[in-house]
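Chain letters run A, B, ... following the sequence lines, proteins first, then strands; residues in each count from 1.
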There are 2 protein chains.
Amino acid sequence: MRLVIARCQVDYAGRLTAHLPMATRLILIKADGSVSVHADDRAYKPLNWMSPPCTLVEDDGVWTVQSTKTDDSLVIGIEEILHDSSHDLGVDPGLVKDGVEAHLQQLLAENVETFGAGWRLVRREYPTPIGPVDLLCRDEAGTTVAVEVKRRGEIDGVEQLSRYLELLDRDPQLSPVRGVFAAQEIRPQARTLANDRGISCVTVDYDALRGVDDPSERLF
Amino acid sequence: MRLVIARCQVDYAGRLTAHLPMATRLILIKADGSVSVHADDRAYKPLNWMSPPCTLVEDDGVWTVQSTKTDDSLVIGIEEILHDSSHDLGVDPGLVKDGVEAHLQQLLAENVETFGAGWRLVRREYPTPIGPVDLLCRDEAGTTVAVEVKRRGEIDGVEQLSRYLELLDRDPQLSPVRGVFAAQEIRPQARTLANDRGISCVTVDYDALRGVDDPSERLF
DNA sequence: ATTTATATGTCGCAA
DNA sequence: TTGCGACGTATAAAT
């Protein structure tokens, strides 16, 4: 990893064109070949960058970064270098994440009564030709219900569920099939579209559900 | 801006939990208060980060970054510091972008004849219950046309336009409503889906359109 | 402040 | 390779 602090101007041409006037910035060159130009704000997002695979050519105050795959390019005009150091970091062992949506789906599968008393789970990840339905249930009346689980409910999710419902409803073993759109929060537009298509919306309290499920969080 | 190269381990807790084993990494501390931890790959993306507003407390080999707004926290265990330098970058003049979708939509709104002679614009951002249609036009025959503008035409855009068309077509003042999908480039699958739904596809030459519109680029 | 659409989104997985 | 969905998405525009 190479860290360069320099007065520089930058021009990017590719999916869009962008220009950075002359100023002092950090140029971060990683071992993966990537180059990014940072100001002292915008959190971790650089002003300009080039993702690998790309090549960096340093030529008399003009650094050119050219993408290998596309015709994207980054031209950095260097006026003055204030700092330049390289460091061997080695390979990173990587990070361990514990996600949200997968966990949410699992919690709901274990607590389908969240949707109503008498509900039971038929299958998680119920397969269809266009992909698995998150949860397939039967409600208290025995009607089939396909549940789509999202962390944030947006229009795309309603579309996805609609496609599943159309397919599932063709199966005489399952038909008629209701739809439930479950998410921590549901955007008004998504709710509108869901209602328009006869799909129920359920907002889920993730923390409460986790509290119900996680013994370490139980009060008794 | 402060650059620290250190052997460290990191724990993040907030919207998810994540752990980074001990390794050598870059810790980037910006003037905006943000802290990000970088490995030597993943292009410009850090392994972990904290966005401002947040506070960094350094305490005997344990750096704690606490979000001011939420209860997100980043705990960095420092084993050894290999480099530590600070640099005054000043305020960045900012970057100038060109070529985004808004500009494309504006250009097309000002040049609806791009779609055909005799076309006129009814409204830009024509409102519907599920969001605004980019351009609503009348073609040379007076037929209503909804135009969806994208930089890159993909399936999502066709779906979006389809939803608008379904709604608009219910309005007797507008019906029947045709659809036009306009983009700099249109993916084959998107084109296929559009054709299947009777939606016309128009690829737009952005540079030519800008040349038509921008007097400084005109040749005469 | 909240909601919505955009992004040089990036990233990972599966067909 | 392409398509598709998730992301600690982030961020700017519009209500």
Have [X] and [Y] got a donor and an acceptor in their side chains that come within less than 3.5 Å?
X: B:Tyr12; Y: B:Asp72; answer: yes
X: A:Lys150; Y: A:Gln184; answer: no
X: B:Ser175; Y: B:Arg170; answer: no
X: A:Glu154; Y: A:Gln189; answer: no

Without decimals, in angstroms, what is the distance between [X] [atom1] and [N] [atom2]?
X: A:Glu154; N: C:dA5; atom1: CD; atom2: P; answer: 9 Å
X: B:Leu95; N: D:dT11; atom1: CG; atom2: C1'; answer: 13 Å
X: B:Asp32; N: D:dA10; atom1: CG; atom2: C1'; answer: 13 Å
X: A:Arg152; N: D:dG5; atom1: CZ; atom2: C1'; answer: 13 Å
X: B:Glu125; N: C:dT6; atom1: CD; atom2: P; answer: 8 Å
X: B:Asp72; N: D:dT9; atom1: CG; atom2: C1'; answer: 13 Å
X: A:Arg42; N: D:dA12; atom1: CZ; atom2: C1'; answer: 12 Å
X: B:Gln160; N: D:dC4; atom1: CD; atom2: P; answer: 15 Å

Residue met sooner reading DNA chain C from 5', once A:Ile155 and B:Lys97 are mapped to nucleotides: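 It is A:Ile155, whose closest nucleotide lies nearer the 5' terminus.
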
Which sits closer to the 5' end of DNA chain D, A:Val149 or B:Ala190, going by the nucleotide each is nearest to?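 The 5'-side residue here is B:Ala190.
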
Is a side-chain donor or acceptor of A:Thr192 paired with a backbone partner of A:Pro188 at a separation under 3.5 angstrom?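 Indeed, once roles are kept as given, a pair shorter than 3.5 Å links the two residues.
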
Between [N] and [M], how far apart are the two [atom1] atoms, rounded to whole Å?
N: C:dT6; M: C:dT10; atom1: C1'; result: 14 Å
N: C:dG9; M: C:dA5; atom1: C1'; result: 13 Å
N: D:dG8; M: D:dC4; atom1: P; result: 22 Å
N: D:dT11; M: D:dC7; atom1: C1'; result: 14 Å

So, is [X] near the phosphate of [N], with a side-chain N or O under 4.0 Å from OP1 or OP2?
X: A:Arg15; N: C:dT10; answer: yes
X: B:Trp49; N: D:dT9; answer: no
X: A:Arg163; N: D:dG5; answer: yes
X: A:Arg151; N: D:dT9; answer: yes
X: A:Gln189; N: C:dA5; answer: yes
X: B:Lys45; N: C:dG9; answer: no

Under-3.5 Å donor-acceptor pair between A:Asp156 side chain and D:dG5 base: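 Per atom types, no contact qualifies.
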
With a non-hydrogen cut-off below 4.0 angstrom, is B:Lys150 in contact with a base, only sugar-phosphate, or nothing?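 Sugar-phosphate, no base atom in range.
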
Between A:Arg197 and A:Glu159, does at least one N-O distance fall below 4.0 Å, as a salt bridge requires?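 Here A:Arg197 pairs with A:Glu159 in a salt bridge, since their nearest N and O are under 4.0 Å apart.
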
B:Arg25 with A:Asp92: basic N within carboxylate O range, under 4.0 Å: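 Yes, this pair counts.
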
Starting the side chain at C-beta, find the nucleotide from [options] nearest to [X].
X: A:Tyr44; options: C:dT10, D:dA10, D:dG8; result: D:dA10
X: A:Asn48; options: C:dC11, C:dT8, C:dT4; result: C:dT8
X: B:Ala43; options: C:dC11, D:dG8, C:dT3; result: C:dC11
X: A:Pro188; options: C:dT3, D:dA6, C:dT8; result: C:dT3
X: B:Tyr12; options: C:dT3, D:dG8, D:dG5; result: D:dG8

